[in-house]
Amino acid sequence: MSDEFVFADPKPVLEPKPDVKQFYWTMWVGVVAVFTVWWLLYQSLQHLANWLTYDLFGLSAGSHLGETLAFFLYDVPKILLLLSGMIFLVSVIRTFLSPEKTRKLLGGKRQGFGNGLAALLGVATPFCSCSAVPLFIGFVESGIPLGVTFSFLIAAPMVNEVALVLLLGLFGWQIAALYFISGVTIAIVAGIVIGLIPNIERGVEDFVWQISVGESKSSAKKLTWANRFQQAGQTTREILGKVWLYVVIGIAVGAVIHGYVPEDAMVGILGKDVWWSVPAAVLLGIPMYSNAAGVIPIIHALMEKGSSLGPTLAFMMSVVALSLPEMIILRRVLKLRLIITFISIVAVGIIFIGYLFNLVI
Amino acid sequence: MIIKILGMGCANCKRVKALAAEVASELGTEATIEEVTDVKNIMSYGIMQTPGIVIDEKLIGSGGVPTKEQMQQMIQSAMG
């Protein structure tokens, strides 16, 4: 998700050199102060939302409109606060990683262990799906096995920080952890399965094997903590700028569902006992392209109305991991045969996880 | 000066192109700005993230939209 511009040769970067010691001192104080304000705000959200709804606007508790508004006024700032805090944290961690470093880490790793490492790095490496082609070629050309490369490409969009934050904020940490573990597991298993298919290399467009990749010169400069915070701040602003509207709309739709749709309305469609709901959710998710930011609040509201966890999480995974635009990008380096194989294997994995959720919870 | 923008038509590539054109004209330099969309060609510069910026066949950087100041530095230092 990160779009940090990196100089190939770090020398020409001119940066003002402030009084380093004093700068550091104020920076850390600033970070602590911001965190404190963040925490206090976060703690007072429920009171604030209730006060606004029931005291200021004078709506009665239990009314449809009151419920809807209180839900909306509580969830929007909560999720936006959580997002800004978590994305900042993740972005700071990500300043330690880059696709080039990831490639180096994965070089010479075998199937199996390599898949596990690739899936975890897929979660942690800053990566935008618009760079999927150069990344794919860069990986494959440096001798990383195809299956390992796929593990990375599956995990990267599926387990992203925005999805995790929303799940954490709306569903609690257990569901967020479950999503993380199953996302990484699907990425590992699907990558291993793809790697085991005989002659899988033939599914890659022939020209890929003939490309001579120029030597990578991107030698990221040594970053100071101030650089990292600054970069993370910028990334946070960028990501929030992209997703905030989806979050607000998603929560608004969710709030309306919360306030107006009768309980148990979804049991017949997305309930546990409807066997076809998981595969249907996955199929429905493939052509949809949305970021997790818009989908999760709606899913959350639907779950309150009786839909079960399996199809809803399956739907979400399908939306983010198997998006049509990304497949079109990958079509430039993969033959249609391999794209279809890739989609099928991941879809089966998601369906399996969906049923598992229905069984367990 | 020839400025090449490496990328397969992504939104950021367009932004970099526009920024390069803006800065070049502000600095009053004759710059030809080309978009390189061919995968083989892009990969020959060894980047792993698009967009990439190449000035006079030298890879300057990749992976995002530089700030205006960074773009000014790149073009100024290429002007010599």
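By convention in this document, chain letters (A, B, ...) are assigned in the order of the sequence lines, proteins followed by strands, and residues within each chain are numbered from 1. For clarity, every value in this text was computed on a predicted model and none was experimentally measured. Atom set for the values below is all heavy atoms of this structure, side chains included, hydrogens, waters and symmetry mates excluded.
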For the NZ atom on A:K335, are there more than 12 heavy atoms of other groups (residues, nucleotides or ligands in this structure) within a distance under 6.0 Å?
yes
Heavy-atom count check: over 12 atoms from other residues, nucleotides or ligands less than 6.0 Å from A:R110 CZ?
no
Considering only heavy atoms from C-beta outward, does the side chain of B:M48 approach that of A:S98 to under 4.5 Å?
no
Can you tell if the side chain of B:Q49 reaches within under 4.5 Å of the side chain of A:P134, non-hydrogen atoms only?
no
Drop me the distance from A:L135's CG to B:I47's CD1, to the nearest 0.5 angstrom.
11.0 Å
Output for pair (B:T67 OG1, A:Q234 CD), nearest 0.5 Å, gives 8.0 Å
With a 4.5 Å cut-off on heavy-atom pairs, point out which of A:P99, A:A132, A:G138 contacts chain B the most.
A:P99
Please lay out, stage by stage, how A:V133 and B:M8 fare under the test side-chain contact (heavy atoms from CB on, under 4.5 Å).
CA-CA 9 Å; A:V133 166; B:M8 283 154 283; 3.9 Å; yes
Has B:E30 got more than 12 heavy atoms of other residues, nucleotides or ligands less than 6.0 Å from its CD?
no
